[in-house]
Enquirer: 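Can you keep this structure in mind? I'll have questions shortly.
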Amino acid sequence: MLELVPITDSIGTEVRGVDVTGDISARDFDRIYQAWIDTCLLLFRGQKMTPEQQIALTRRFGEITTYTRSEFNEPEHPEILVLSNITRDGKPIGSAYSGRVWHSDGHYLSDPPAGTMLYAIEVPPEGGDTWFANMMAAYDALPAAMKERIDDLKVVISRVQSRPYNYPDRPAPTPEERAAWVDMRHPIVRRHEVSGRNALYSGGNVPWRIEGMPEAESAPLVTFLQEFSVQPRFTYCHRWQPGDILLWDNRSAMHRATPYDYEAYRRLMHRTTIAGHLSTGSPVPVGEAIAS
């Protein structure tokens with residue numbers, strides 16, 4: 001029997017009594033889907049599914065999309081991105097690490113993905129956790145004066161600017177990357193197209209520029225919103241177990257990964273992504289892009 005159990009008071013629902021590879025009735029699925037919209041995050045434990053079954057499950061929530069690191073797509077199922085430190089024939093089969101800072105997947109796109117599903121096949125005994133933050137709850141908790149101040153503001157998301165913050169060990173962006181990584185404007189208050197609720201969309205660690213605002217005013221405002229939104233009362237840290245499936249809503253949640261010992265332990269996870277259908281961003285003219 002389907003059971004929906006809150007993970008914390010502020011974020012997440014554990015879905016119990018369901019075999020995701022079986023026949024989930026339309027009525028049960030509607031309840032599961034609504035829990036995803038309402039609480040940002042779904043957890044299914046003790047599951048075992050093939051790539052085909054993961055693709056089918058993902059499609060019940062929306063259209064599948066792929067947008068990054070195609071070299072690590074599962075060879076026979078390009079809808080699946082492999083996250084792993086395992087190597088075969090001397091080559092990595094997946095991306096070993098990413099997302100160590102708070103972020104929403106695909107926020108540098110004009111139409112960011114609606115959701116992300118991650119299925120754990122092998123996990124290390126320690127480390128490799130994932131943190132989540134409810135950006136709707138964070139927005140709701142803001143003082144009324146702050147809500148009014150940010151209501152119509154747009155934030156400029158720049159992959160070029162984010163490189164030294166997110167990946168200080170990697171080289172600076174190449175000229176080709178700079179040309180391809182167009183800065184993107186997004187509303188700093190994102191209205192969820194399904195629930196109608198507002199969520200903060202300010203990212204997690206880069207002092208993004210707010211359109212039309214001096215940097216001396218913009219950077220402290222963005223930093224305040226970022227730090228406010230990841231207070232313990234809005235967050236949850238997930239300790240992975242083999243067979244876990246997490247589905248999070250990128251329209252209302254941020255997340256970040258934690259490190260693990262890549263040399264000592266294996267990790268293998270399959271990721272699928274649900275497309276967004278409401279464009280929230282617009283490119284920034286080249287002359288206005290942030291230099292870095």
Enquirer: Scan Q54, E79, R59 and name whichever one has a side chain to side chain donor-acceptor pair (under 3.5 Å) with T272.
Expert: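 Among Q54, E79, R59, the one meeting side chain to side chain donor-acceptor pair (under 3.5 Å) with T272 is Q54.
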Enquirer: Take a 6.0 Å sphere around CD of E215 and say whether it holds more than 12 heavy atoms from other residues, nucleotides or ligands.
Expert: no
Enquirer: Looking at Y201, is its backbone amide N or carbonyl O close enough to the side chain of H186 to form a donor-acceptor pair, meaning the two atoms are under 3.5 Å apart?
Expert: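 Looks like no, no N/O pair under 3.5 Å.
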Enquirer: For S10 and N134, test the side chains for any donor-to-acceptor distance below 3.5 angstrom and give the result as yes or no.
Expert: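 Short answer, no.
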Enquirer: Hey, can you tell me if W248 and H255 have their rings parallel, tilted or perpendicular (30° and 60° cut-offs)?
Expert: tilted
Enquirer: For F228 and Y139, I'd like to know if the aromatic rings sit close, meaning centre-to-centre distance below 6.0 Å.
Expert: no
Enquirer: Within the distance-only criterion (no hydrogens, no angle test), does the side chain of E52 pair as donor or acceptor with the backbone N or O of H77 below 3.5 angstrom?
Expert: no
Enquirer: Should R251 and D249 count as an ion pair when the cut-off is N to O under 4.0 Å?
Expert: yes
Enquirer: Go through the side-chain N and O atoms of H103 and D105 and say whether any donor and acceptor fall under 3.5 Å apart.
Expert: yes
Enquirer: Is a side-chain donor or acceptor of K147 paired with a backbone partner of D140 at a separation under 3.5 angstrom?
Expert: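 Yes, K147 side chain to D140 backbone: donor-acceptor pair under 3.5 Å.
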Enquirer: With distance as the sole test, does Q47 use its side chain to make a donor-acceptor pair with the main-chain N or O of R45 at under 3.5 Å?
Expert: yes
Enquirer: Sequence neighbours left out, what passes side chain to side chain contact (heavy atoms under 4.5 Å, CB included) with L109? Give chain and number order.
Expert: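 L109: side chain to side chain contact (heavy atoms under 4.5 Å, CB included) contacts with Y67, P113.
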Enquirer: Find the distance between CG (N85) and OG (S95) and round it off to the nearest 0.5 Å.
Expert: 10.5 Å
Enquirer: Side chains of S218 and R209 only: does a donor on one sit below 3.5 Å from an acceptor on the other?
Expert: no
Enquirer: Hey, is CG on D169 packed in by over 12 heavy atoms from elsewhere, all under 6.0 Å?
Expert: yes
Enquirer: Could you tell me whether the side chains of N250 and S104 share a donor-acceptor contact shorter than 3.5 Å?
Expert: no
Enquirer: Check whether R197 reaches the backbone of R191 with its side chain - one donor and one acceptor, N or O, closer than 3.5 Å.
Expert: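 Not a single qualifying donor-acceptor pair exists.
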Enquirer: Would you be so kind as to tabulate the donor-acceptor pairs closer than 3.5 Å made by side chains of residues 123-133, with sequence neighbours excluded?
Expert:
from: D129; atom 1: OD1; to: R239; atom 2: NE; distance (Å): 2.5
from: D129; atom 1: OD1; to: R239; atom 2: NH2; distance (Å): 3.2
from: T130; atom 1: OG1; to: W240; atom 2: NE1; distance (Å): 2.9

Enquirer: Distance-only, no hydrogens or angles: does the E74 side chain make a donor-acceptor pair with backbone N or O of V82 under 3.5 Å?
Expert: no
Enquirer: Y33: which residues meet the ring pair (Phe, Tyr, Trp, His ring centres under 6.0 Å) condition with it, sequence neighbours left out?
Expert: W36
